[in-house]
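This report concerns only the one structure given below.
Along the sequence shown, residues are numbered consecutively beginning with 1. Whatever order the structure lists ligands and atoms in, that order sets their numbers, starting from 1.
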Amino acid sequence: MDQNQIMLALTKGDRVLTQELALLARAGIEPLDDPQSSRKLIFDTSLAGVQFMLLRSSDVATFVQHGISDVGMAGRDVLLEHGEDGYYQPLDLDFGHCRIMEAGLIEEPSLPRRLRIATKFVNIAQRYYARLGQQVDIIKLYGAMELAPITGMAHRIVDIVETGNTLKANGLTPMNLIHDVSMRLIVNKTAMKVKHRLVAEFIERMRTAVQDANR
Ligand code: PRP
């Protein structure tokens, strides 16, 4: 950990990266190379002492937990799935809004008592059904969750819903809201202590940028 540097971890999915960079630009932080075209993974920025690295969404929390990155931007869906120990979440970045929902077929046949649930959010789904006191079998998938109810592999899915178009196009409908999701700023707990001034300034800079974006 360099005491005079802040290392930021960004989620590199295409849509989300564009919005992260727009927010950083509003905060006066611009990359010196173009992350959309460069193959680099670490970027210097126009703000002295601030660098960022590009990571898969599910790795952002890991890098922040280990203190490799001091701060990070990640979706609440990924944070809930990863586990929320080892970092603070001081700021809702107010973009990337969507929901984690339970969904099923519009024309749902009668269901057995013990459901099969397809999802990539295994931990979130487990906690959700445990809270309901409902015993389920979880089937882990990495994408195209909608296929599971259509093909009979699972009865329902737990997945991200943004517009609802993907569900609708596949004869599915959202049924129960599990979590509202948006992008969050996360901060390593040690960095918050050891680099308090730098990190606090960075959070305030981002807070102002989020407020400006909503004006
Ligand atoms: C998510 C999700 C759905 C889709 C929902 O996938 O898994 O497929 O978005 O969006 P909608 O409600 O606006 O149709 P994403 O594009 O994030 O990619 P993924 O397959 O990697 O999860």
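- Residue contact annotation: R99 has no non-hydrogen atom under 4.0 Å from ligand 1.
- Closest heavy-atom approach to atom 7 (O) of ligand 1 within the set I160, D159, N170: this belongs to D159.
- With no hydrogens or angles considered, a side-chain donor-acceptor pair links N176 and E102 at under 3.5 Å.
- Contacts of K168 with ligand 1, taken as heavy-atom pairs under 4.0 Å, are absent altogether.
- Remark: the backbone N or O of M73 is paired with a side-chain donor or acceptor of T11 at under 3.5 angstrom.
- Within a 4.0 Å radius of atom 18 (O) of ligand 1, the protein contributes no heavy atom.
- Of all protein heavy atoms, the one closest to atom 14 (O) of ligand 1 is T166 OG1, 2.4 Å.
- A side chain to side chain donor-acceptor pair (under 3.5 Å) with D137 holds for exactly one of R114, R116, H155; it is R114.
- With a 4.0 Å cut-off on non-hydrogen atoms, K120 touches ligand 1 through its side chain and not its backbone.
- Of the protein's non-hydrogen atoms, R15 NH2, 3.6 Å is the one closest to atom 16 (O) of ligand 1.
- At a 3.5 angstrom cut-off on N or O pairs, G164 counts as close to ligand 1.
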Worked verdict on S182 versus D92 for side-chain hydrogen bond (donor to acceptor under 3.5 Å, both in side chains): CA-CA 7 Å; S182 58; D92 185 337; 2.9 Å; yes

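- Of all protein heavy atoms, the one lying nearest to atom 13 (O) of ligand 1 is T163 OG1, 2.5 Å.
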